[in-house]
Structures are given as structure tokens and as C-alpha cells.
2 protein chains.
Amino acid sequence: LLGRWLGAPVEELDTPALIVDLDVFERNLARMADWSRRTGRAVRPHAKAHKSPYVARRQLELGAIGITCSKLGEAEVLVAGGVLDVLISSEVVGPAKIARLIALARQARPIVVVDDAANAEALSRAASAAGVRLPVLVEVNVGQNRCGVEPGEPAGELAARVASLPGLRFAGLQGYEGNLQHVRSLEERRQRCLTSMDLLDRSRRAVNARGLATEIVTTCGTGTHQFVGDLDWVTEVQPGSYIWMDCDYLAVEGTGYEGALSLVTTVVSRQRADAAVVDAGWKSITIESGMPQVKGGLFTYAPAGDEHGKISAPDPAQLPALGARVELIPSHCDTTVNLHDHLFAVRAGRVEAVWPIPARGRVQ
Amino acid sequence: LLGRWLGAPVEELDTPALIVDLDVFERNLARMADWSRRTGRAVRPHAKAHKSPYVARRQLELGAIGITCSKLGEAEVLVAGGVLDVLISSEVVGPAKIARLIALARQARPIVVVDDAANAEALSRAASAAGVRLPVLVEVNVGQNRCGVEPGEPAGELAARVASLPGLRFAGLQGYEGNLQHVRSLEERRQRCLTSMDLLDRSRRAVNARGLATEIVTTCGTGTHQFVGDLDWVTEVQPGSYIWMDCDYLAVEGTGYEGALSLVTTVVSRQRADAAVVDAGWKSITIESGMPQVKGGLFTYAPAGDEHGKISAPDPAQLPALGARVELIPSHCDTTVNLHDHLFAVRAGRVEAVWPIPARGRVQ
């Protein structure tokens, strides 16, 4: 059914439709691969931006060493799609999840993170009983103040505990400064990132001082990876949004990546003098990172319910007519992609491919 | 795979999991059916709350005269699930959508709304060409200021235009005071609802004055239907959320419906002194209608990214331990259900059924 859109002009697509500008997407992919080659820092792209084994394979073909994802359910979809090296960047807690993780470890190479000795012990018991050996990273809090042990000695202690447990293999550290990714100023972002990297480095030294190697030290996202190119103890970075960005990220100074993602909507009502009503509301585009922008810069968008949005203009005479298309730039790519079942990949104004989003909604 | 949860204690469910308390759900269903029998107002429940042909059929079995939905894509899923009487409460605009609507009209009985003569003419051309006759309601703006013609004469004029067009059958009026559903005060809500109903009645008279019958006059939601029980020119109401409510609706005075929906989460990190981190963020529960509440009343919840939330307590010593369950009451049921693929229906602490949500994400 979706096949009927292949080759169609983008103007004919039914709406709301989430579209990817393929030329821009491919430039973004190439730019990150170039950065990796130039600096020697490996890239393990975060799938939270795309939720797609197909896009993951494109990243692997360009040199990515594996894929990061947030949830075990995303890892399962990636593995089912042929992506076997998956780092799950959130703690895996509870018997139901650990049982699934062990099943996954039998058919792929998942890496997990821990920030708690009791959780590490539960993983150890399950892995030992199943006869598998899980690579485990200790997560360190480098400023996000969410998950992760405190930097320095606490990281060293938990690493030693992990290394002592059967069924686990201590593989290194994860520290993600998610709080800094959207700091607008390049210089402020750099300074604060280097402060976070100091915390991570201090943790690495505490681990190494116990005679444990840190084979993996994984950190950074789209907004900060550029600052660790010459820190050779950082083995890899986890950028996700760089592939298509969003208007929140595009406002961040000096990333160099371009916007490739937009939501095409249609004006479905023109009965109010001060607004055109489009067919996209809370169910089609997210707002927790601010309002989506309207491409072209003349109009503004605000949601008006689950399925509607209102388009405003400085002069109401400029408002688009009934049936006209209005293209929105999402403010948060991860959660907006999560609302859709398909992405329409467009080149030169025509639909070149329809990409399913099979890890959409995999919150477990 | 989901079948393994049938009969399981809710404590064993993997998380985050959206659950329905079946006893409460069934009381809510019965309460609305009783109201309808008592008042003689028909009910055409809005599927935006559940997105499920199964729940729709439960509503029809209790006397609902048909089902309302927001988008054509939802109507297609309902029809595929055996629900043939579907009112699409948002305007259907553009060639791709109209072609799908005509295809649907060949296998079911969709009713559509219009607020624009050009859109009515496009529907007429397509219906005539296909040899079908579409029932059409004129949508009137009764205070929401989104879609709909202005009340009174403009409604009469568009009704006459629709009635004159081949392929269309003028069937009546829709006026939805969505702006009033969450007005907290019962008395203020009643007064403002009756003002909206005056606008709708004035529109009905303008239509009838042209010699046109208003077979259907459809209006009201969960928050306001109680005020039109004795308005016998109102033929039906469109409540959706009453089946399980949310904490925003539960704060509305005097609805009588009870909360049946919650999201079970797990504490996955306890490394910060001031918060327990749970496994549900923006991807599992929505916040455009305010923060979800934590069942029990002691804790508060705030999202901390796509996949995490922070639980706070007046005294940090009360915070739940690693692995503990925390149950959240969504602030907006429609959009939260839209994030999930399944609902776990629970009775007496055990999973009695797993309901798919097949109209989830049907924004086209």
C-alpha cells in the first residue's frame, strides 16, 4: 500500500507525513564518518534518533563500530534487523528485562551499563546460569544528574565489583553529558564538556588504578562530540540526532550538521481570520523541546489538540489557503519520529524510499 | 509473545506498561449507557481515547449508535475491525484523503464533516464519480475557534450548499465545545456549555428555516454531555475519555467518572539523593496537559528525557528502592494511549487480557 508513493512527487503525499531530505541526510552521515576518520575517535551512533535497523546499517557501512540504543526493546529490533553489536545505554533492571537480555545475548553481542552493585549481581546470576558472559560498562554521572555512579572512586569501586562477578566482563565506562547537548554557545558548551570529560577521566584513572583496563570509554552526543576529537582516552562517541537534526539542535552554535527532517501538513480549515488550521497536532509532532518551526520562516505553529495545529502569520492576509501544504521542522527529532510508523525519504522532490520505523514505541 | 502475560500478577509485568483497571472501566461504560437510556440522548463514543475496534464494540454492545473518530486512518482501522458506522469528526481535505474516503464508503457507512464549500464540492465530485452518496454534517464553531463555520446563517448557507450537491446527503450539524471540557467548576462549565448550545441551536434553526432537516446534531464530550440531557434537539454526544479518564479530567468537578488508566514503571536508578529514576519519559507518557500524577499521592513525577522520569518525595528517605514499581496516572489519556502498542487489562491484580491499539498513530 505504501509502495504506491515510490516515485511520487512530495506534493502528492498524504499528510501529515514525516519526510527526510536524502541529500542532506547523506551529507550528515558522511560528515560524521569523516570526523571519525580524521580524529580516530570511533562512532557508535545512537538509534534513538531513527529507531531503524536500515539506517543503522547505513551508519555501520560508513564505519560506525556498533549501534547504541536506549532500551532493550530497541536492541531486540536492531538485532532482528541484522545489527548484532548493540550498546544499551540505559540500565536493565528487573527479572523480566534481565531474562530478555540473556536471550538476546545468545544471538547477538549486547553491551549493558550498570550503576548499582545489586543490579550487577542480578545480571551476574542470570548470565552465569545461562552460561553467557555479558560485557558491562559502569555508568558515571558526569553532570546530567540522572543515572550513573558518582565520578572517581565510586566508579572504580563498582568497576572492581563488576570485574569480580561471574558471567560479567568489565568492559569500561559510559558517561553522557546529556545536559550539555543543547547549550547554544559553542565556547560555553566546549568548556562545560571538558569539565564533564575531566570527571570521566578521573573515573577512568580510578578504574585503571585497580588494574582494570578501560577497553571502552563511551560518551558525548551530537552537540559535544566535536570537543573530544583529541582526547585519545575517549574511545568512542554516541551521537544520534546528527543524521537529521531538529530546530532545537539547529539553534546550537557550530555543530555543522543540517536539518533533513520535516513534517508535511495540509491546511484543513480556513474559517478563522487569524489562523490556518493544519492536520497535525500533539499526535504528529512533539513540543517538549519547544514549538516546531515552520519552514520558510514567515509563519508560526502552535498545536491545537491531538490532530490539529494553528498556523499564524504577521499579516493574516499571508495565511495559506485551504488545501495548501505547510512544512514543519520538529523541535525534538527522537520523540517526533517515535510518533510515526514510516519515514518518506525524498530526493529531488520525489519519494525515493519509504522507511519503516520498527523500533518505534519500544519503550520496554 | 504477549500471551505469556495472561493471568500473570500485575507485579510481574515488564515496564513501562499501560494498564486498565477492568472493574472501573466497566463501571464507566455502564454509567454512560445508563445516562443515555435515562435521557434519550444517543451516544457516539469518540475512539480517540482508545483507538481500538475491540473497545468500540464493547461500547456498541451497550447501546452506542456508532463510533466517532478524528482521522480517516482511524476510521479505516475501525471498519477493518468490524465497526461500520463511523463519524469522522475532522474535515477530510485533499485528493489523497478523499480517494481513501470514497473507498471506505464502498464498504462501510462513514459520515464526514465539512466547514468549506470548496471542500464539499470536491467531496461531491468524487462521490458522484464513484456512484456513492456520502452523509455530510456541517461543522459549526461553537466556541473552540478551530474548525467550523460561524454559527447561525453561515451554517444555514453551507448546509443548503451541501444539500444541493450530487453525491452528498446533508445529514445535520456538528458543534464541539472542546474548549470547555476541562473547565474545573461544574457551574461555570454548565453556563458556558449552554451558551455554546445556544450557538448550535441557532445554527440548527437557520438550517431548518431553509427546509432542511437536522437528522443528526452531534456535540459534547465527557466534560459537558451531562448538561444536554434535556435538550431534545441534541440527537447525540461524542464523549471519549469517560472510559478511563486521566488526572486532568479527574480534576474536573462533577463528572462522576473514575480513573481506570495508569502506567506502571520501575525504578531503574537510585544514585541521586533527591530522586528515584524510573523507566518512563516522554516516549511513554505525555505532558502537554500537565504532569502525570503518582498514584498514592506521596510522590511527584517529572520527565527526564525520552526514556526516564524523576520521582521526588517531600522526604528523600521515602523514595522507592531500586526495582520498586511506581504507578503514574496520565494527564492526557488520548496522547498517552497513542504512545503504546498494547493495553494490559487487569482485574483483581492479574492480567485478564492484552488489548492491541491498532489505530495508534493513524494520524493520516
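So that the names make sense, note that chain A is the first sequence line, chain B the second, and so on, each numbered from 1.
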- line: Turns out that what part of B:V277 lies under 4.5 Å from chain A's heavy atoms comes down to side chain
message: For B:K71, which atoms come within 4.5 Å of any heavy atom of chain A: side chain, backbone, both, or neither?
response: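 Only the side chain of B:K71 comes within 4.5 Å of chain A.
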Residue pair A:R362, B:D341: steps toward the salt bridge (charged side-chain N to carboxylate O under 4.0 Å, His left out) verdict: CA-CA 9 Å; A:R362 290 295 169 277; B:D341 289 321; 3.0 Å; yes
Residue part contacting chain B, namely of [X], when any heavy atom lies under 4.5 Å:
X: A:E12; answer: backbone
X: A:V363; answer: both
X: A:K283; answer: both
X: A:A275; answer: neither
X: A:L322; answer: side chain
X: A:K310; answer: side chain
X: A:R325; answer: neither

Which of [options] touches chain A most, by non-hydrogen pairs under 4.5 Å:
options: B:G94, B:A304, B:G323; result: B:A304
options: B:K48, B:E139, B:R100, B:H340; result: B:R100
options: B:N119, B:N141, B:T266; result: B:N141
options: B:I287, B:D279, B:V267; result: B:D279
options: B:S269, B:A96, B:A280; result: B:S269
options: B:N145, B:L339, B:D116; result: B:N145

- prompt: So, the side chain of B:T336 versus the backbone of B:I285: is there a donor-acceptor pair under 3.5 Å, distance only?
  reply: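 Not at all, since once roles are kept as given, no pair shorter than 3.5 Å links the two residues.
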Choice from [options] maximising heavy atom contacts with chain B below 4.5 Å:
options: A:S284, A:G148, A:G305, A:G361; answer: A:G148
options: A:V114, A:D115, A:V93; answer: A:D115
options: A:E91, A:H308, A:R270; answer: A:H308

field: Check: B:V354 and B:L343 side chains under 4.5 Å, non-hydrogen atoms
entry: no
Is there a donor-acceptor contact under 3.5 Å linking the side chains of [X] and [Y]?
X: A:N179; Y: A:Q144; answer: no
X: A:T15; Y: A:T265; answer: no
X: A:E327; Y: A:S262; answer: yes

- request: For the pair B:H182 and B:Y249, name the ring-plane relationship: parallel under 30°, tilted 30 to 60°, perpendicular over 60°.
  value: tilted
Ring geometry between B:W5 and B:F344 (parallel below 30°, tilted from 30 to 60°, perpendicular above 60°):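 Because their plane-to-plane angle is over 60°, the rings of B:F344 and B:W5 count as perpendicular.
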query: What residue among A:H46, A:Q174, A:E74 forms side-chain hydrogen bond (donor to acceptor under 3.5 Å, both in side chains) with A:S89?
result: A:H46
A:E150 with B:R272: basic N within carboxylate O range, under 4.0 Å: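 Salt bridge: yes.
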message: Aromatic contact between A:W355 and A:H50, with the criterion being ring centroids under 6.0 Å apart: yes or no?
response: no
